[in-house]
Protein chains: 2
Amino acid sequence: MLEKSHKHVTCATCGAKKDSLFGSFCGAETSNLDEHKTCNYYKKNQPLFIEGSLPRGVFCINEGKVKIFTRGEEGKEQIIHIAKQGEIVGFRAMFSGEAYKVAATTLEECNICFINKTDFLDMVDTNQVLRNGIMRELSKELADRATFITNMAQKSVRERLAFALAMLDDIYEGEMINLTREDMANFVGTATETLIRLLKDFKDDNLIETHARKIEILDKKGLLDLAGL
Amino acid sequence: MLEKSHKHVTCATCGAKKDSLFGSFCGAETSNLDEHKTCNYYKKNQPLFIEGSLPRGVFCINEGKVKIFTRGEEGKEQIIHIAKQGEIVGFRAMFSGEAYKVAATTLEECNICFINKTDFLDMVDTNQVLRNGIMRELSKELADRATFITNMAQKSVRERLAFALAMLDDIYEGEMINLTREDMANFVGTATETLIRLLKDFKDDNLIETHARKIEILDKKGLLDLAGL
DNA sequence: CAAAAAAAATGACTTAAATCAGCTTTGAAT
DNA sequence: ATTCAAAGCTGATTTAAGTCATTTTTTTTG
């Protein structure tokens, strides 16, 4: 695996920036961003923020993956989204003015930059392109979540898992999927045991292959078919 | 029931405006809004827009209720939200620049105003208060949908129905809930037969009372308890 | 590297909720 | 008022998926 460590990242040379909401920033805007951000190294399973806390700024993922989740009754996690490099995490609650309803925790070692609330809101207020990007992003996610709800309501666990694996293949971009069975079950919305049994089925059907915890997608098209898409 | 009919509504005297995103509009802004809107009367079960079409503007509900839904595999509806007077419908897709992923259909006779896309976007661009209101709204809804997903994944149908009835009680504001059993099932995310059986249980437990199709909430606290909240 | 802890896997059993089929009531339209 | 289709309701049956208990494998840590 890639060696990660605490290092100072410059926005101007950040590989993740081009895919992010800051992608359109010009030189002056980029160096302004640079001055207002701090870089931090996170270990695996470290929280960025928890439910109920007040947002103090936004997190920009430079490297690594982060799960966004809520907790149900008995504290069981429901993973809503898995964010990767280039994604900005934690800005939704800043606009609603409320405490976080979701929590964010690293799934692996990460390098993540932090931008202070007032600095970020200043940028949003003065930069129309950024603002439009954010509104587009919020709207798109809203539509995605409508689909998510519909899938939860109408699809079987088998179909949801097939779809989730195809999504994870995109998120892990060719790398093997590396999640605990529990996290995966909490993403699909099922029991861990059920998830494990279904993974075996998929393995028997040559859709995937497992290397200990890691999952390799062999037949993405087959998975999407199975998901009913 | 209240008699509804095609009538011209003035934004200045609109009873729904104060609760809407336009609530903060001053006199000049209100008359500008007035000039750019048209009023329309809708019969029950009339679509405002359908999935896949491109947004041409936004809908502001003056009177009546509207269901927002997606369709799964075999066309089965999943109701995501039920909008009432004061709510603005259809603006999310305008920011994403994509076709509607959801559809909207009236649940009863409605009076609904329409504001053209360019006029609305102009207002958003020039009015910071409106813009902030929209961003707050988008963010709040995003959080609501995270909770919705978690409920679908982790709660039983019984719990979800109890919660849905409590929500509907707020939406219908004291009026009796008036939805087909099918719509209600598509909101809760279950089969119509299952929903009917559970309604009977709730009736037996004196939580609700039915008057033909209409449902009266007798014990909202009891319902919320049952929902596990 | 060994030991301990955590995660993964398997088996047996239970149950919530879907499906299918048929019957009854309601309300809309003539 | 009568008719007819749509919606509501009930019963019987099936099944997908959850739960609980135990074993095996993997991962972590001293």
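All values reported here derive from a predicted model rather than from experimental measurement. Labels below follow one simple rule: chain letters A, B, ... track the order of the sequence lines, proteins then strands, and each chain is numbered from 1.
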Original post:
Relative to the ring of B:Phe120, is the ring of B:Phe91 parallel (under 30°), tilted (30 to 60°) or perpendicular (over 60°)?
Top reply: tilted

Original post:
Which part of the nucleic acid, if any, lies within reach of A:Thr190 when heavy atoms closer than 4.0 Å are counted: base, sugar-phosphate only, or nothing?
Top reply: sugar-phosphate

Original post:
Considering residues, nucleotides and ligands other than B:Gln46, do more than 12 of their heavy atoms fall under 6.0 Å from its CD?
Top reply: yes

Subject >> Side-chain donor or acceptor of B:Arg181 paired with backbone N/O of B:Arg213 under 3.5 Å >> reply: yes

Original post:
What does B:Ser156 touch in the nucleic acid at a heavy-atom separation under 4.0 angstrom: a base, only the sugar-phosphate, or nothing?
Top reply: sugar-phosphate

**OP:** State, to the nearest 10°, the angle formed by the axis through the first five base pairs of the helix from C:dC1-D:dG30 to C:dT30-D:dA1 and the axis through its last five.
**Re:** 60°

**OP:** At the 4.0 Å heavy-atom cut-off to chain B, mark where contacts on DNA chain C begin and end, going 5' to 3'.
**Re:** C:dA17 to C:dG27

Subject >> Boundaries of the chain B footprint along DNA chain D (any atom under 4.0 Å from a heavy atom) >> reply: D:dA7 to D:dA12

Original post:
Do B:His81 and B:Glu141 have side-chain N/O donor and acceptor atoms under 3.5 Å apart?
Top reply: no

Subject >> Toward the 5' end of DNA chain C, by each residue's nearest nucleotide, A:Thr210 or B:Ala191 >> reply: A:Thr210

Original post:
So does A:Lys221 pair up with A:Asp225, basic N to acidic O under 4.0 Å?
Top reply: yes

Original post:
Closer to the 5' end of DNA chain D via nearest nucleotide, is it B:Glu182 or A:Glu193?
Top reply: B:Glu182

Original post:
Are A:Lys17 and A:Asp34 close enough for a salt bridge, meaning some N to O gap below 4.0 Å?
Top reply: no

Original post:
Between the side chain of A:Arg160 and the main-chain N/O of A:Lys155, is any donor-acceptor distance below 3.5 Å?
Top reply: yes

Subject >> Test item: B:Lys76 side-chain N/O and B:Glu73 main-chain N/O as donor-acceptor pair under 3.5 Å >> reply: no

Original post:
Reckon B:Arg213 touches a base, only the sugar-phosphate, or nothing at all at heavy-atom distances under 4.0 Å?
Top reply: sugar-phosphate

Original post:
salt bridge (charged side-chain N to carboxylate O under 4.0 Å, His left out) with A:Lys67: which of A:Glu87, A:Glu77, A:Glu108?
Top reply: A:Glu77

Subject >> Residue whose nearest DNA chain C nucleotide is more 5′ - A:Ala153 or A:Leu199 >> reply: A:Leu199

Original post:
Mind checking whether A:Ile112 and A:Thr106 have side chains closer than 4.5 Å, heavy atoms only?
Top reply: yes

**OP:** Specify whether B:Tyr42 and B:Phe59 have parallel, tilted or perpendicular ring planes, treating 30° as the upper limit for parallel and 60° as the lower limit for perpendicular.
**Re:** perpendicular

